[in-house]
Amino acid sequence: MAVLAGRGVLLQRLSQALKRSAYTPSPSCQCVKAVRRHAATAAATDAAVHKMRNIGIMAHIDAGKTTTTERMLYFSGATKYIGNVDDGNTQTDFLPEERDRGITIKAAAITFDWKSFQVNLIDTPGHVDFTLEVERALRVLDGAVTVFDGVRGVEAQTLTVWRQAAKHAVPCVAFVNKLDREGASLEHTVSMITSKLRTTPLVLHMPLGLGAEFTGLVDLVSMTRYVWDSDGMHAAPATADLLGNEMFQAALAARQSLCELLADKDDAFAEMFLNVDGDHTKVTDRQIKLTVRALTLRCAALPVLCGAARREKGIEPLLDAVVDFLPSPLERPPVQAMLPSGHGKSGAAKEVALPPNSDGPLCALCFKVTHDPHRGPLVFLRVYSGVLTNRATVQNCTRGTKERTTRILRVMADAHVEVPELVAGDIGAVVGWKDSYTGDTIVATDSKQLRGAKLKGIDIPQPVFTCSIECESTKDEPAFEHALACLVKEDPSLRVSTDEETKQRLLSGMGELHLDVTMSIMQSQFGVKARTGAVQVSYRERPTQDVRIVHRYDRTIGGKALSAEYTLRVDLAHGRDNITVDTEAAAGEEGAALATLPKDALLAAQQGLEAAASRGLLLSYPLIDCAITLEALSAPVDATLAFIASGAADALRAALRSADIELLQPVMDVQVVVPENDVGAVIADLGSSRNGNVTNVAGMDEGHSCISAEVPLKAMVGYSSALRSLTSGAGTFSLEFARYAPLSQAETQQLTTGGFR
């Protein structure tokens, strides 16, 4: 693996070499002046990046993410008043749909300062329908604050966002919120963190009271008591006189347990702890903080803090934890960029590491696109290396296009501040990029080191719900098409397609709420009214056996007969939940023959195969769980690319007719929280009425139970109304995609003969 060293690093080393040498250059030497100037600039930039934190706030819906964010902004001085979700006046929930529904829909970025540190924060949604917003935020963040409901502990979407953070190795700190609520328990939440998240919680706070008696906390690291009242926060050393002897002894025991746990997790701390005979009173605050930080950066443990955000309790210590325990961009592993073949002496494709160095070559990742009615597309990006300057022309390596930067913005939720540049490690937005999308890689146009480089993109979840959509007025059709294009560009988890039989326009998304919100945004932001049909489920198709065919494709085009021959193999690949199409995997003579074909001919064949794979034979649903390999292709030299693509699609359809296709339905992991008195009725409904499989029933505080089940998605259409009826409005539920499962022959027959989908 190669490492691209930045110019600033080389200049710093040259400066150090000059200092060590016996030669003393003239102070007027221009070379020496340049070296010193660049070394000083690089050092200043590194110092600024070291004091930068790129963090996200993530949690289950209603755990208090946005409320916590609002208090962080206020106590940092970024806002002059505290907004509330119920009042619809928070900074990060600025869309009308968010304020009307009281939930976060779009991830919102905002920048503020805390104790000389720059914090770039993204408040993410907690509803499973908007999981893409969490995914693309975590892809570019260095750390995260996971908010837990102190009453309910680890919930369904908590598990989902935790897995997303773990996939990207994002260090986290935990904030156990709502300890002022009746039934709140820090101990119970910590126990759930251990058992469900399978991590080691490091409890750094001890609450002073719970529920209505929650007044503050003891910081176990510094043994400081924090209490909050109408005058704000008050800090004082935790003593027996101040806490009472019983509470003071409990705090000492908790600090001793914390030190013992740190000794179990860190060898250096264990050695130091043994040298003081295991006495926590001889361990300094700094020693504990450094060890907690080291474990957090390795994702080996989870610091746990507590508070009640709505009552403005525990926010300042949480902000301290963000800068104390979460990493700067300099402390994250260098991002990996894949260079295409043709680079370097070997000419082979290779991977290079890009340290977060502002003097290195420019490399950035677009992670979000929104549409401003005045500025046009706003492209959000993370700069991993180099500096993006205003008015710069850059290369989009993913699209093969050039983009002209007209403005660079520091994002403050729905407000923006223009800045001259974004340095390595920074997050911001750009105006002027017309052809950049989520997951695109950006480099400098004159970059030889990174020409054609691509960063790992962003995983886009597949939509599972579909409905028909049409414009209410034909005169609004152009605006309707523009709105759809903008919405899909903003949210790649949306899909727009056309039913070939009915010619209806179809909109696919992650859930009923997702589709409903999309329609609302279309009207409020783009001024277009649209009608939607009944929600349907997006099925998948899959071959049940391996197939290899030789297919002849004959057509007459312009009075001339053309013929091509395709050798195609379709192999089962269960567990992928997608397909792979390969036109370069054939071995031996066939592979050699393919290699002699023009690249555009192979690309046309691949596009034809992918197009056919996107519409299966049974009900035109996409294929999954198979690998398609083109082993040989024989076509006349004057064959058009369209002819080659059409022949490849025809060959795949012929192969699938011999592969015995089966229909698959999406199965969801369902979590239903209901009052204990309604558990029986809800379980009966899930099992008998919805063909679900109940896997667990767990008791919760406040007289509620959580029912876990696996249920076919088609049975969950309209479940909100049914659950409201069963529980008199007291039940809530969440869905998460689990897998695709085969339908029975009877169900398949019903669907293929026009039954309900």
Side-chain angles (χ1 to χ4, degrees), residues 61 95-98 100-101 103-107 124-137 157 160 164 368-371 437-439 458-471 480-499 504-526 528-540 577-578 614 619-622 624 664-670 711-721 733-738 740 757:
I61 190 171
L95 293 178
E97 290 75 20
E98 293 177 315
D100 290 344
R101 299 168 188 264
I103 61 172
T104 301
I105 294 170
K106 301 287 187 181
T124 66
H127 197 286
V128 67
D129 279 20
F130 310 108
T131 189
L132 172 63
E133 295 291 321
V134 183
E135 175 68 25
R136 57 184 173 185
Q157 189 65 4
T160 301
Q164 290 175 296
K368 183 180 174 72
V369 180
T370 63
H371 282 81
Y437 292 75
T438 297
I458 295 172
D459 296 331
I460 309 298
Q462 294 297 315
V464 292
F465 274 112
T466 299
C467 68
S468 61
I469 178 175
E470 60 182 12
C471 186
F480 174 69
E481 295 293 338
H482 171 71
L484 280 179
C486 291
L487 289 168
V488 171
K489 187 174 183 180
E490 287 188 9
D491 185 354
S493 64
L494 288 171
R495 300 282 196 281
V496 175
S497 59
T498 301
D499 189 302
Q504 278 187 310
R505 186 62 61 87
L506 302 177
L507 179 67
S508 301
M510 300 303 297
E512 293 177 276
L513 178 61
H514 190 198
L515 296 176
D516 186 38
V517 166
T518 300
M519 291 299 94
S520 179
I521 292 176
M522 178 179 287
Q523 181 172 347
S524 65
Q525 292 190 17
F526 297 93
V528 177
K529 291 184 179 181
R531 290 189 295 265
T532 58
V535 174
Q536 299 178 349
V537 174
S538 294
Y539 295 89
R540 294 293 183 267
D577 286 346
N578 56 20
S614 68
L619 290 171
S620 299
Y621 287 109
I624 63 169
L664 307 175
Q665 67 175 338
V667 177
M668 311 301 286
D669 281 330
V670 181
V711 186
L713 179 59
K714 66 177 181 180
M716 296 301 294
V717 175
Y719 186 63
S720 297
S721 298
F733 77 100
S734 62
L735 298 174
E736 182 182 4
F737 174 77
Y740 283 101
R757 299 184 185 179

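All figures in this text were calculated on a predicted structure; none of them were measured in a lab.
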Margin query: Is there a side-chain contact between L494 and H514 in this structure, where contact means two heavy atoms from C-beta onward sitting under 4.5 Å apart?
Written below: yes
Check: What are the two closest heavy atoms between G439 and I458, and how far apart are they?
Finding: N-CD1, 4.2 Å
Check: OH of Y740 to CD of Q665: how many Å apart, nearest 0.5 Å?
Finding: 10.5 Å
Next item on the list: Check the pair T160 / E736 against side chain to side chain donor-acceptor pair (under 3.5 Å), numbers first and verdict last.
Entry: CA-CA 8 Å; T160 301; E736 182 182 4; 2.8 Å; yes
Item checked: Residues which pass side chain to side chain contact (heavy atoms under 4.5 Å, CB included) with A530, listed by chain and number, not counting sequence neighbours -> I469, F480, M519, M522
Notebook entry, point to check: Do S468 and Q536 have side-chain atoms, one donor and one acceptor, less than 3.5 Å apart?
Noted result: no
Next item on the list: Output, in order, the C-alpha distance, side-chain angles, deciding distance and verdict of side chain to side chain contact (heavy atoms under 4.5 Å, CB included) for L132 and M510.
Entry: CA-CA 9 Å; L132 172 63; M510 300 303 297; over 6 Å; no
Checklist line | Derivation and outcome, side chain to side chain donor-acceptor pair (under 3.5 Å), residues Q462 and S538 | finding: CA-CA 9 Å; Q462 294 297 315; S538 294; over 6 Å; no
Notebook entry, point to check: How would you list, by chain and number, every residue that makes a side chain to side chain contact (heavy atoms under 4.5 Å, CB included) with P463, sequence neighbours excluded?
Noted result: R495, S508
Check: Which value, rounded to the nearest 0.5 Å, describes the distance between Q164 atom CD and E135 atom CD?
Finding: 5.0 Å
Next item on the list: Dump the intermediate steps for side chain to side chain contact (heavy atoms under 4.5 Å, CB included) on I103 and I61, then the final yes or no.
Entry: CA-CA 8 Å; I103 61 172; I61 190 171; 3.6 Å; yes
Next item on the list: Check the pair E133, T124 against side chain to side chain contact (heavy atoms under 4.5 Å, CB included), reporting the backbone distance first and the verdict last.
Entry: CA-CA 6 Å; E133 295 291 321; T124 66; 5.6 Å; no
Item checked: Heavy-atom side-chain proximity of D516 to R101 below 4.5 angstrom -> yes
Check: What distance separates R540 CZ from Y621 OH, expressed to the nearest 0.5 Å?
Finding: 9.0 Å
Check: Residues two or more places apart in sequence or in another chain: which of them pass ring pair (Phe, Tyr, Trp, His ring centres under 6.0 Å) with Y719?
Finding: F733
Checklist line | Verdict with reasoning, V667 to V711, per side chain to side chain contact (heavy atoms under 4.5 Å, CB included) | finding: CA-CA 6 Å; V667 177; V711 186; over 6 Å; no
Next item on the list: Locate the shortest heavy-atom distance separating Q523 from K529; write the atom from each residue and the value.
Entry: NE2-CE, 3.5 Å
Checklist line | By side-chain hydrogen bond (donor to acceptor under 3.5 Å, both in side chains) - contacts of S524 (at least two apart) | finding: E97
Note to self: Minimum heavy-atom separation for P492 and R136, please, with both atom names.
What the structure shows: CD-NH1, 3.6 Å
Check: With a 4.5 Å heavy-atom cut-off, do Q525 and C486 have their side chains touching?
Finding: no
Margin query: Just to verify, what does V496 make a side chain to side chain contact (heavy atoms under 4.5 Å, CB included) with, not counting sequence neighbours?
Written below: L484, V488, R505, L507
Margin query: Going by the rule salt bridge (Lys or Arg N to Asp or Glu O under 4.0 Å), which residues pair with D669 if we only count those two or more places apart in sequence or in a different chain?
Written below: none
Check: Quick one: does L515's side chain get under 4.5 Å of F465's, heavy atoms only?
Finding: yes
Next item on the list: Scan for salt bridge (charged side-chain N to carboxylate O under 4.0 Å, His left out) pairs involving residues 483-492, sequence neighbours excluded, and state none if there are none.
Entry: none
Note to self: Between M668 and P712, is there a side-chain heavy-atom distance shorter than 4.5 Å?
What the structure shows: no
Notebook entry, point to check: So how far is it from H371 NE2 to I521 CD1, rounded to the nearest 0.5 Å?
Noted result: 12.5 Å
Item checked: With sequence neighbours excluded, residues passing side chain to side chain contact (heavy atoms under 4.5 Å, CB included) with E98 -> D93, L95, T104, I105, K106
Next item on the list: Kindly compute the distance separating OG (S720) from CG (L513), expressed to the nearest 0.5 Å.
Entry: 8.5 Å
Notebook entry, point to check: Among all residues two or more places apart in sequence or in another chain, which pass the side-chain hydrogen bond (donor to acceptor under 3.5 Å, both in side chains) test with T518?
Noted result: none
Next item on the list: Not counting sequence neighbours, which residues clear side-chain hydrogen bond (donor to acceptor under 3.5 Å, both in side chains) with E470? List them please.
Entry: R531
Margin query: Just to verify, what does D459 make a side-chain hydrogen bond (donor to acceptor under 3.5 Å, both in side chains) with, not counting sequence neighbours?
Written below: K167
